[in-house]
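Everything quoted here is computed from the prediction, not taken from an experiment. Protein chains get the first letters and strands the later ones, always in sequence-line order, with residue 1 at the start of each. Values reported hereafter were calculated over all heavy atoms of this structure, with side chains retained and with hydrogens, waters and symmetry mates removed.
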2 protein chains.
Amino acid sequence: MKELPKISEAEWEVMKILWTRSPQTGNEVIEALEGQMDWKPKTVRTLISRLLQKNAIAFQEAGRTYLYYPLVSQDDYVQTETQSFLKRLYGGAVKPLLVHFLREQKLSSDEISELKRILDEKTEEGPDRDRRKDR
Amino acid sequence: MKELPKISEAEWEVMKILWTRSPQTGNEVIEALEGQMDWKPKTVRTLISRLLQKNAIAFQEAGRTYLYYPLVSQDDYVQTETQSFLKRLYGGAVKPLLVHFLREQKLSSDEISELKRILDEKTEEGPDRDRRKDR
DNA sequence: TCTATAAGACTACATGCGTAATCCAAAAAT
DNA sequence: ATTTTTGGATTACGCATGTAGTCTTATAGA
């Protein structure tokens, strides 16, 4: 697995914009964030520059301006971040977190059904079979 | 809910030590982290000082030295951090995270059973009842 | 009693981050 | 052709963080 660049919280907002649609010009990104983040345009451009340096995004030139697009997938990111989050707070153990959430969170009956269904699938699959290679 | 001080990653390691046992002297904390974190003693003391400033911990004087203890509970912390993590990565929606984990993670059959049991409890409880006051 | 030690206080310094402003060159407007 | 505008590049600056080192003062040892 390649090294994913560290994306800060503010940078993350920019990434989200580019993940939902890309490529986009700087101005488009700025507009998309407007009203939502209360950042000056220059601030957004700074974030874009930093994401470029980190190789989290890239651009194609389109005449006088650039069209930016992500180089890392949101999925990879969420995956990695979640992993390190878990490690930090729950010592890497997933179950305590799951228990915590299943207990604490409001879930609709539909959601509960869906979760149960997923658990059922896992049961059938054979819970203790060697699944090392399955992803 | 009171404002929890922000605890950095390095500081978190110190907190973990104090959460598992307290109060402890600086040296005890330093020893506890030794071999585990590869920090110079002074580094640990800096972290302790910062945690003091942030009111994350406090101390009682014990003769020539201090006995440190946490002022915030690990539970509160994990709770808050998890909340903001979720908001950041999953837009606050718990279900996608649960789905993600139930799918991706290795869980033993025992664990699966336990999770199902918890879901069953929630079902009985009446999924859409107003549970605002239940914690 | 004088001195060495060591705990805690204070200082240090590079890097990352949030939050921009200024500079520069090319395109657009006049 | 000259001026204005505007994207993008560069620079700014304070605070947090990781990672310590130095200073000070009160005990513990000689």
Rounded to whole Å, how long is the line connecting atom [atom1] of [X] with atom [atom2] of [N]?
X	N	atom1	atom2	result
Leu47(A)	dG8(D)	CG	C1'	14 Å
Lys6(B)	dC15(D)	NZ	P	19 Å
Trp12(A)	dG18(C)	CH2	P	13 Å
Tyr68(A)	dA9(D)	OH	C1'	10 Å
Ile30(B)	dA7(C)	CD1	P	7 Å
Ile48(A)	dG8(D)	CD1	P	8 Å
Arg45(A)	dT6(D)	CZ	P	11 Å
Glu9(B)	dT19(D)	CD	P	10 Å

Legend entry - Backbone N/O of Ile112(A) and side chain of Lys122(B): donor-acceptor pair under 3.5 Å: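 It does not hold such a pair.
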Legend entry - DNA chain C-proximal residues of residues 52-67 of chain B, any heavy atom under 4.0 Å: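 Nucleic-acid contacts, sorted: Arg64(B), Thr65(B), Tyr66(B).
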Inset, instruction - Would you please classify the geometry between the Phe59(A) ring and the Tyr68(A) ring as parallel, tilted or perpendicular, with 30° and 60° separating the classes? - result: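 Perpendicular: the ring planes of Tyr68(A) and Phe59(A) meet at over 60°.
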Gap separating the [atom1] atom of [X] from the [atom2] atom of [Y], nearest 0.5 angstrom:
X	Y	atom1	atom2	result
Leu89(B)	Gln74(A)	CG	CD	8.0 Å
Ile17(A)	Ile57(A)	CD1	CD1	12.0 Å
Asp120(A)	Leu115(A)	CG	CG	11.0 Å

Please enumerate all protein N or O atoms sitting under 3.5 Å from an N or O of nucleotides 20-24 of chain C, with distances to 0.1 Å.
from    : atom 1 : to       : atom 2 : distance (Å)
dA20(C) : O5'    : Thr43(A) : OG1    : 2.8
dA20(C) : N7     : Thr46(A) : OG1    : 2.8
dA20(C) : N6     : Thr46(A) : OG1    : 2.7
dT22(C) : O4     : Lys42(A) : NZ     : 2.8

Legend entry - Residues in salt bridge (Lys or Arg N to Asp or Glu O under 4.0 Å) contact with Lys16(A), at least two apart in sequence or another chain: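 Per chain and number, Lys16(A) pairs via salt bridge (Lys or Arg N to Asp or Glu O under 4.0 Å) with Glu13(A).
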Inset, instruction - List for me each residue that meets salt bridge (Lys or Arg N to Asp or Glu O under 4.0 Å) alongside Glu28(B), sequence neighbours excluded, and say none if there are none. - result: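 Result, salt bridge (Lys or Arg N to Asp or Glu O under 4.0 Å) vs Glu28(B): none returned.
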Inset, instruction - Mind listing the residues from residues 80-88 of chain B sitting with a heavy atom below 4.0 Å of DNA chain D? Number order is fine. - result: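 DNA chain D contact set from residues 80-88 of chain B: none.
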Legend entry - Residues within residues 17-29 of chain A bordering DNA chain D, heavy-atom distance below 4.0 Å: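 Heavy-atom contacts with DNA chain D come from Asn27(A).
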Restricting to side-chain hydrogen bond (donor to acceptor under 3.5 Å, both in side chains), what partner residues turn up for [X], sequence neighbours left out?
X	result
Gln24(A)	Arg21(A)
Tyr69(B)	none
Lys54(B)	Glu11(B)
Glu81(A)	Arg88(B)

Inset, instruction - Considering just the side-chain nitrogens and oxygens of Ser49(A), establish if one lies under 4.0 Å of OP1 or OP2 belonging to dG8(D). - result: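 No.
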Inset, instruction - Decide yes or no on side-chain contact (heavy atoms from CB on, under 4.5 Å) for Tyr90(A) and His100(A), but give the supporting numbers first. - result: CA-CA 11 Å; Tyr90(A) 293 84; His100(A) 179 84; 3.9 Å; yes
Legend entry - Summary of ring-ring contact (aromatic ring centres under 6.0 Å, His included) pairs that have at least one residue in residues 14-38 of chain B, sequence neighbours excluded: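 Listed once each, the pairs are Trp12(B)-Trp19(B).
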Return all side-chain donor-acceptor pairs below 3.5 angstrom for residues 34-52 of chain A, not counting sequence neighbours, or 'none' if the list is empty.
from     : atom 1 : to       : atom 2 : distance (Å)
Arg45(A) : NH2    : Asn27(A) : OD1    : 3.0
Thr46(A) : OG1    : Lys42(A) : O      : 3.0
Ser49(A) : OG     : Arg45(A) : O      : 3.0

